[in-house]
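Could you have a look at this structure, given as structure tokens, before my questions?
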Amino acid sequence: MSIADALSRLEGSSLGSLADLQPDEFIGLLDLADAVKKDRDAYRDRLKNTTHALIFEKHSTRTRVSFEVGLKEVGAGSLFLSSNDIQLGRGESIADTARVLSRYVQGIVIRTFGQDRFDTMVEYSSVPVINALTDKYHPCQILADFQTVREHRGDLKGKTLTWVGDGNNVAHSILYGCALAGMHARVAFPKGYDCDADVVRKAEEIAAATGGSVELLHDPVAGVGGADVVVTDVFTSMGQEDETQARLRDFAGFQVNEALMAKADTRAVFLHCLPAHRGEEVTEGVLEGPQSLVWDEAENRLHAQKALMLALHGAL
Ligand code: CP
Ligand code: NVA
């Protein structure tokens with residue numbers, strides 16, 4: 001099947017979660033991301049004469065810049081709309097914002113809090129909407145992550161990925177990504193910081209069809225044993241700042257350090273979506289060490305999101 005055939009169903013749709021995708025669509029997006037990366041000129045002007053609204057209710061470096069640059073590279077215009085500046089930040093509803101923006105732009109990218117805010121944006125928009133991170137999911141990150149793993153370790157199917165830390169938005173999307181790719185996901189989190197049960201159930205359901213698996217643990221050493229990929233993220237996500245001190249205590253022992261990485265497969269790679277807190281969830285040595293792919297991972301946000309936008313806007 002060609003990439004365009006694999007992705008044809010996505011034209012005109014939104015992406016809120018990787019669970020919106022079929023396994024062949026997920027792999028198709030990774031293939032397209034590789035093609036987009038290999039020949040940056042080939043896709044120039046594919047979204048010419050379109051404008052895209054980038055709504056951010058939380059901070060961002062990578063996501064904002066990679067979307068802005070990506071849109072420029074495919075000939076499109078972008079409008080960065082911080083909620084500090086638009087009426088959304090003064091209480092105008094998501095539903096009204098969605099209907100107004102849909103009269104001006106051809107696509108919406110939104111970073112927000114609850115997934116319900118994202119879902120409302122989709123419900124009231126008449127243009128494709130992309131989730132640029134919610135409290136529940138971060139699908140664009142995982143497209144880039146898995147593109148990066150494939151570049152360094154080849155085919156994903158059957159590989160073991162261990163998530164160490166908080167059962168957060170990135171962890172949820174990792175679970176879906178592993179399930180779609182037929183990978184074995186292990187999540188090692190402190191008690192009380194589990195992934196949401198509905199996400200685990202859905203990931204298990206997808207994995208049952210792809211040959212993947214999901215394992216939940218509370219022991220990072222057991223979790224990382226023999227893993228091909230080790231991933232972590234900050235202990236305290238955006239919006240949880242009040243819990244910082246409690247989290248620092250509760251996540252003791254969940255740092256990815258050299259001793260923990262030594263338990264993984266000798267060819268194991270390390271991922272972190274960034275920003276990182278060196279000395280908390282990861283040591284300087286691991287983050288800057290030979291197994292770390294974090295800079296390629298950050299770069300691939302650009303290519304993976306260009307691929308996603310081309311697919312959603314039927315520009316293949
Ligand atoms: N990884 C990620 O989404 O980074 P930003 O918060 O900088 O966008
Ligand atoms: N889990 C983090 C990811 C940041 C890119 C957060 O939500 O703050």
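First listed ligand is number 1; within each ligand, the first listed atom is number 1. Counting from 1, the numbers follow the sequence of the chain as shown.
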| remark: Within 4.0 Å of some non-hydrogen atom of L274, the atoms of ligand 1 are 1 (N), 2 (C), 4 (O)

| Counting each atom of ligand 2 from 1 as listed, which ones have a heavy atom of L274 under 4.0 Å away? |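 That gives atoms 5 (C) of ligand 2.
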
| task | Do me a favour and list the nearest non-hydrogen protein atom to atom 6 (O) of ligand 1 with residue, atom name and distance? | result | R111 NH1, 2.8 Å

| Under-4.0 Å heavy-atom contact with ligand 1, by part of L133 that carries it |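 Looking at L133 and ligand 1, no heavy atom falls under 4.0 Å.
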
| field | Atom indices of ligand 1, in the order listed, that fall short of 4.0 Å to a heavy atom of H138 | value | 2 (C), 3 (O)

| task | Return the residue, atom name and 0.1 Å-rounded distance of the protein heavy atom closest to atom 4 (O) of ligand 1. | result | R62 NE, 2.9 Å

| message | Hydrogens and angles aside, do R117 and T112 bring a side-chain donor and acceptor to less than 3.5 Å of each other? | response |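 Short answer, yes.
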
| query | If you measure from each non-hydrogen atom of K58 to ligand 1, which part falls under 4.0 Å: side chain, backbone, both or neither? | reply | neither

What donor-acceptor contacts under 3.5 angstrom involve side-chain atoms of residues 217-225, with partners at least two apart or in another chain?
| from | atom 1 | to | atom 2 | distance (Å) |
| --- | --- | --- | --- | --- |
| H218 | ND1 | F189 | O | 2.8 |
| D219 | OD1 | V221 | N | 2.9 |
| D219 | OD1 | A222 | N | 3.4 |

| remark: Of all protein heavy atoms, the one nearest atom 2 (C) of ligand 1 is R301 NH1, 3.3 Å

| request: Look at atom 7 (O) of ligand 1 and say which protein heavy atom is nearest, naming residue and atom and giving the distance to 0.1 Å. | output: T61 N, 2.7 Å

| task | Could you say whether the N/O atoms of N169 and ligand 2 ever approach to under 3.5 Å? | result |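 So ligand 2 has an N or O lying under 3.5 Å from an N or O of N169.
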
| Is it true that D135 and K58 make a salt bridge, defined as a side-chain N closer than 4.0 Å to a carboxylate O? |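 K58 and D135: salt-bridged.
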
| said: Would C273 count as being in polar contact with ligand 1, using the rule that some N or O on each side must be under 3.5 angstrom apart? | reply: yes

| field | Side chain E241, main chain G239, donor-acceptor under 3.5 Å | value | yes

| query | Does any N/O atom on P275 come nearer than 3.5 Å to any N/O atom on ligand 1? | reply |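 Checking ligand 1 against P275, no N or O pair falls under 3.5 Å apart.
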
| Can you tell which of K48, R40, K37 makes a salt bridge (Lys or Arg N to Asp or Glu O under 4.0 Å) with E73? | R40

| request: May I ask whether V230 and L274 are part of the same hydrophobic cluster, defined by side-chain heavy atoms of I, L, V, M, F, W, Y residues being less than 4.5 angstrom apart, directly or through others? | output: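 Yes, V230 connects to L274 through the hydrophobic network.
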
| Has ligand 2 got any nitrogen or oxygen that is less than 3.5 angstrom from a nitrogen or oxygen of L133? |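 Such a contact does not occur with ligand 2.
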
| message | Can you report which non-hydrogen protein atom sits closest to atom 8 (O) of ligand 2, along with the distance? | response |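 Going atom by atom, the protein heavy atom closest to atom 8 (O) of ligand 2 ends up being M238 N, 2.8 Å.
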
| field | Whichever hydrophobic residues join V127 through chains of side-chain contacts under 4.5 Å | value | I55, L79, L81, I86, L88, I94, V100, L101, Y104, V105, I108, I110, F118, M121, V122, V129

| field | Any N or O of D233 closer than 3.5 Å to N or O of ligand 2 | value |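 Right, the criterion is met.
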
| field | Y176-Y137 aromatic ring centre distance below 6.0 Å | value | yes

| query | Is a salt bridge present between D31 and R150, judged by a nitrogen-to-oxygen distance below 4.0 Å? | reply | yes

| query | With the 4.5 Å side-chain cut-off for hydrophobic clustering, are I130 and L133 part of the same group? | reply |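 No; tracing contacts between hydrophobic side chains, which count when under 4.5 Å, never links both residues.
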
| message | Using a 3.5 Å cut-off on N or O atoms only, is S237 in polar contact with ligand 2? | response |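 Such a contact does occur with ligand 2.
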
